[in-house]
Protein chains: 2
Amino acid sequence: MRKDSRLSRMLHVLIHMDHLDGPATSEKMATMLSTNPVVVRRTMAHLRDQGYVASVKGHGGGWTLAVPLSNITLLDIHQALGDSSVFTIGLTDEHTNCPIEIAVNLAIRDAMEQAEALLLERFKQVTLDKLTAGFADFQAEHHEPSPVE
Amino acid sequence: MRKDSRLSRMLHVLIHMDHLDGPATSEKMATMLSTNPVVVRRTMAHLRDQGYVASVKGHGGGWTLAVPLSNITLLDIHQALGDSSVFTIGLTDEHTNCPIEIAVNLAIRDAMEQAEALLLERFKQVTLDKLTAGFADFQAEHHEPSPVE
DNA sequence: AATACATGTAACTTTAAAAGTTTCATGTAT
DNA sequence: ATACATGAAACTTTTAAAGTTACATGTATT
């Protein structure tokens, strides 16, 4: 089953973006993520729709953070990507009238809902600025002026 | 992403098997699950390998429970199916040397491990006999003698 | 105005793992 | 001998993310 690595990728680039002065192009982000610019634009579009980043077309354009990292949680990004089911485990036909099947699905669903609630709660507790808080290097480089172009 | 419905399906048939006198054939189980006998045998093979069910070839053969439902938990079956990752969320290249990517993956992995631990703990607390404990009907029918063939 | 650059988007193909299918070998009561 | 049932190999199908190709749209720069 193919894994959804969008959350991991987006968090990665968002933090890098915070270390840049100018906008980041899809091309550069794609190189950073070992992927394609179209995949980057497609995924970043979700974050733009929720107001976390902004995009500018044309020469000198690209993507910039619209909100400080301290105001963005893992949950925010997870939900911005469209909170599809986080589990590979699925239930069988939910329109069944077999009491056994209903009882089985109820038990599995209950456990999954509790686990998902915990996952989202953990995601909610972490803002993006905290992820690299342990790395003094990154905090020092943070917003350091540098020549562009 | 295609969901893994094996756990749901196997729990369903295991409980039905407990209500039967003779062995259940892959054919009958497939009909019950709206699928194919080969899919049933392939999945049931995992449970047989772990000793939860037994299979008998030839005329009058089929599948039978090898352990009482009260001795089987959801976790047992989940693990018997091969405890692959329960999340659709994946991490990016784990062999990276980018500190940001490492920090991001660490945070996501940490949350997922906690959530998975809770899921498995919930699975562990439920034995299969408890799933239909609320249905007096099923308990009454339980092991009732009935003519076969 | 022409050009180079960058996003926006449509319309595909590829990928991975469960699920589904076909076919036949093997084993076992009657 | 026969009918029945599992075991297993060797496929195809399914699903959504990922990857790709191609082009339209918009915007600084010269």
Side-chain angles (χ1 to χ4, degrees), chain A residues 1-10 12-13 17 20 22-31 33-49 53-64 66 78 81-93 148-149, chain B residues 1-10 12-13 17 20 22-31 33-49 53-64 66 78 81-93 148-149:
Chain A
M1 186 179 291
R2 173 162 279 212
K3 291 304 184 75
D4 182 349
S5 61
R6 292 178 301 167
L7 176 61
S8 180
R9 282 177 158 179
M10 289 300 99
H12 183 189
V13 291
M17 283 167 69
L20 302 173
T25 65
S26 303
E27 186 69 38
K28 287 181 180 175
M29 296 164 89
T31 301
L33 296 174
S34 302
T35 182
N36 191 290
V38 177
V39 172
V40 171
R41 287 200 282 270
R42 183 192 295 158
T43 313
M44 289 290 288
H46 290 287
L47 309 192
R48 182 196 53 217
D49 293 346
V53 297
S55 60
V56 173
K57 283 182 172 183
H59 193 112
W63 301 82
T64 51
H78 170 68
L81 293 174
D83 46 5
S84 53
S85 172
V86 298
F87 292 106
T88 56
I89 296 174
L91 304 179
T92 50
D93 175 27
V148 175
E149 298 202 50
Chain B
M1 186 178 293
R2 171 162 280 212
K3 291 304 184 76
D4 182 350
S5 61
R6 292 178 302 167
L7 176 62
S8 180
R9 283 176 156 179
M10 290 300 100
H12 183 188
V13 290
M17 283 167 67
L20 301 175
T25 65
S26 302
E27 186 69 41
K28 287 181 181 175
M29 296 163 88
T31 301
L33 297 174
S34 302
T35 181
N36 192 289
V38 177
V39 172
V40 172
R41 287 199 281 272
R42 184 191 294 158
T43 313
M44 289 292 287
H46 291 287
L47 309 192
R48 182 195 54 217
D49 293 346
V53 296
S55 60
V56 173
K57 283 183 173 181
H59 193 111
W63 301 82
T64 51
H78 170 69
L81 294 174
D83 45 7
S84 51
S85 172
V86 298
F87 292 106
T88 57
I89 296 174
L91 304 179
T92 50
D93 175 27
V148 175
E149 295 202 43

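Lettering of chains follows the sequences in order, A, B, ..., and the numbering in each one begins at 1. Quick caveat: nothing in here was measured; it's all calculated off a predicted structure. All values below come from the heavy atoms of this structure, side chains included, with hydrogens, waters and symmetry mates left out.
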Student: Return the pairing partner of C:dT30 with a 3.5 Å limit on both distances, Watson-Crick or G-U wobble; otherwise return none.
Tutor: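 Partner of C:dT30: D:dA1.
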Student: Calculate the interatomic distance between A:Leu81 atom CG and D:dA16 atom C1'; express it in whole Å.
Tutor: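 Going from A:Leu81 (CG) to D:dA16 (C1'), I get 14 Å.
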Student: If you define the side chain from C-beta out and look only at heavy atoms, does anything of A:Leu81 sit under 4.5 Å from A:Leu47?
Tutor: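 A side-chain contact exists here, since the closest heavy-atom pair is under 4.5 Å.
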Student: Could you tell me the separation between the CE atom of A:Met10 and the C1' atom of D:dA17, rounded to a whole number of Å?
Tutor: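 After rounding, the gap between these two atoms is 13 Å.
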Student: Produce a footprint string for nucleotides 2-10 of chain D: one letter per nucleotide, 5' end first; B if the base is under 4.0 Å from any protein heavy atom, S if only the sugar-phosphate is, - if neither.
Tutor: --BBBBBBB
Student: Tell me the interatomic distance from B:Asp4, atom CG, to D:dA16, atom C1', rounded to whole angstroms.
Tutor: 16 Å
Student: Using a 4.5 Å cut-off on heavy atoms from C-beta on, say whether the side chain of B:Leu33 contacts that of A:Thr92.
Tutor: no
Student: Atom NZ of A:Lys3 and atom C1' of C:dT14: how far apart are they, to the nearest Å?
Tutor: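 Whole-Å distance recorded here is 19 Å.
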Student: Check this one for me: any side-chain N or O of A:Ser5 less than 4.0 Å away from OP1 or OP2 of D:dA18?
Tutor: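 A:Ser5 to D:dA18 OP1/OP2: side-chain N or O found under 4.0 Å.
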Student: Provide, to the nearest angstrom, the distance between the CG atom belonging to B:Asn36 and the P atom belonging to C:dT21.
Tutor: 5 Å
Student: Do A:Met44 and A:Met29 come close enough that some side-chain heavy atom pair is under 4.5 Å?
Tutor: yes
Student: How close or far is atom P of D:dA18 from atom CG of A:Leu7, stated in whole angstroms?
Tutor: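 So the two atoms are 11 Å apart, to the nearest Å.
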Student: Is the side chain of A:Thr25 donor-acceptor paired with the backbone N or O of A:Lys28 at a distance under 3.5 Å, no angle test?
Tutor: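 Checking the backbone N and O of A:Lys28 against the side chain of A:Thr25, a donor-acceptor pair under 3.5 Å is found.
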Student: Only counting residues at least two apart or in another chain, list the ones meeting side chain to side chain contact (heavy atoms under 4.5 Å, CB included) with B:Val56.
Tutor: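 Not a single residue meets the side chain to side chain contact (heavy atoms under 4.5 Å, CB included) criterion with B:Val56.
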Student: Determine yes or no for a side-chain-to-main-chain donor-acceptor pair under 3.5 angstrom, with B:Thr43 supplying the side chain and B:Met10 the backbone.
Tutor: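 Looks like no, no N/O pair under 3.5 Å.
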Student: Which whole-number value in Å describes the distance from B:Phe87 CZ to D:dA17 C1'?
Tutor: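 Result: 18 Å.
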